[in-house]
Number of protein chains: 2
Amino acid sequence: MPNSQNLKTIGLKATTPRVRILELFEKSPVRHLSAEDVYRQLMQEGLDVGLATVYRVLTQFEQAGLLQRLHFESGKAVFELNDTHHHDHLVCLQCGHVEEFVDEEIERRQVKIAAERQFTIRAHSLAIYADCRNPACPHRREVGGNTGSG
Amino acid sequence: MPNSQNLKTIGLKATTPRVRILELFEKSPVRHLSAEDVYRQLMQEGLDVGLATVYRVLTQFEQAGLLQRLHFESGKAVFELNDTHHHDHLVCLQCGHVEEFVDEEIERRQVKIAAERQFTIRAHSLAIYADCRNPACPHRREVGGNTGSG
DNA sequence: CTTGTTGCAAATATTTTGCACCCAT
DNA sequence: ATGGGTGCAAAATATTTGCAACAAG
């Protein structure tokens, strides 16, 4: 179980909830999960975990850099594995499907915009909200019905 | 009072809370206000309004296109007057100051990215989080202490 | 008048915290 | 064994809703 080692390396005891949550993110076909999603999934797998623990672990993992916390338009945070490079998100408003993308020109221009205003850029979040208007949304149901129009 | 007319035009009765909330956004030196901000401000002006009413009115105004609802990283929504063209946000993590910007190249590339993936773009939100690292943050205190690093 | 609107209180939703017990090291 | 970690329940925060009183047209 390589994850046990990963966890210890970052100074966290390899407890059952932590290992299982990390595994969940690694194995889930759905990349973006809310605390509630994680909680329900673990319960469904027969692990009797507390929602509070899920929140605590997710926050610890975020601080440790294992996960990233994202907000989109839904009012609840979702988390994704921080295993790839920085990227932005394209979110389907119909089915909640999320695709990731990187555009170097957009990245460059953001740095430039901040610099022009003498701001030191720390982070940014860009989400494009759209419809993946295929006759039948190819990715029906994903995480939580994203609503709103922004 | 031109606002009374504006409100009626969009099918809303010109009630005191509505008129005052709209005025507040028009006159406030702070462009981005949360429901709580609006509520406190009105109370301070001596208007005995309910927080629930503030939430209802803000939502109505958003649906009517008078306001825009934004999320940033704080967990609570802020609203801004929808009087200008679309723009993105540069948010100081230290003092919460918000500057707006538009970059046509970024806009174009977003449309292109969505199109390449056969998505119909509906909206997007781009926030750059930064420090306006001036010896004394020039815009101390604005809306609500934005935290996090996202 | 009549219907939409408000204020209040209670309900929801999301996330955090206090605390006694438990388990990884 | 021991200190960090957990589950539960309660608290905190943000927002929504039911309802009787009220006010704009």
message: I'd like to know if A/Arg56 reaches the base of C/dG18 with its side chain, counting only an N/O donor and acceptor under 3.5 Å.
response: yes
- prompt: With ring centroids as reference points, do B/His89 and B/Phe72 lie under 6.0 angstrom apart?
  reply: yes
Any A/Tyr55 side-chain N or O less than 4.0 Å from OP1/OP2 of C/dT15: yes
- request: For the side chain of A/Lys13, starting at C-beta, report the closest nucleotide among C/dT25, C/dT15, C/dG7.
  value: C/dT25
- request: For A/Thr59 and A/Tyr55, indicate whether the former's side chain and the latter's backbone hold a donor-acceptor pair under 3.5 Å.
  value: yes
field: Residues B/Glu105 and A/Arg109 bridged, charged N to O under 4.0 Å
entry: no
Between C1' of D/dA23 and CG of B/Leu12, the distance in whole Å: 15 Å
message: Has A/Arg69 got a side-chain atom pairing as donor or acceptor with A/Ala77's backbone, closer than 3.5 angstrom?
response: no
- prompt: Taking only N and O in the side chain of A/Thr15, is any of them less than 4.0 Å away from OP1 or OP2 of D/dT6?
  reply: yes
message: What is the distance, to the nearest angstrom, from the CD atom on B/Gln63 to the C1' atom on D/dT16?
response: 13 Å
query: Of the nucleotides C/dT5, D/dA14, C/dT25, which one has an atom closest to the side chain of B/Lys76?
result: D/dA14
statement: Among the nucleotides D/dG5, C/dA24, D/dA24, whichever has the atom closest to the side chain of B/Thr16 is D/dA24
message: Show, in sequence, the C-alpha distance, side-chain angles and deciding distance for B/Glu99 and B/His87, and conclude whether the side chain to side chain donor-acceptor pair (under 3.5 Å) test is met.
response: CA-CA 10 Å; B/Glu99 290 193 14; B/His87 54 254; over 6 Å; no
field: Atom pair distance, as rounded to whole Å: NZ in A/Lys8 and C1' in C/dC23
entry: 13 Å
query: Does B/Arg20 pair with B/Glu45 as a salt bridge, N-O distance under 4.0 Å?
result: yes
message: In whole Å, I'd like the distance from the CZ atom of A/Phe79 to the P atom of C/dT15.
response: 7 Å
- request: Take atom CZ of B/Arg20 and atom P of C/dT6, then tell me their distance rounded to the nearest Å.
  value: 14 Å
query: For the pair made of CZ in B/Arg69 and C1' in D/dT16, what is the distance, rounded to whole Å?
result: 11 Å
- prompt: What integer distance in Å separates B/Arg18:CZ from D/dC22:P?
  reply: 19 Å
task: Identify which nucleotide among D/dT6, D/dT15, C/dT6 has an atom closest to any side-chain atom of A/Pro17, counting heavy atoms from C-beta outward.
output: D/dT6
query: Is it true that A/Arg31 and A/Asp83 make a salt bridge, defined as a side-chain N closer than 4.0 Å to a carboxylate O?
result: yes
Distance, rounded to the nearest Å, where B/Glu62 contributes CD and D/dT15 contributes P: 12 Å
query: If you look at every strand shown and take non-hydrogen atoms under 4.0 Å, does A/Ala14 touch a base, only sugar-phosphate, or nothing?
result: sugar-phosphate
- prompt: Can you list, by residue number, the residues of residues 41-54 of chain A that have a non-hydrogen atom closer than 4.0 angstrom to DNA chain C?
  reply: A/Leu51, A/Ala52
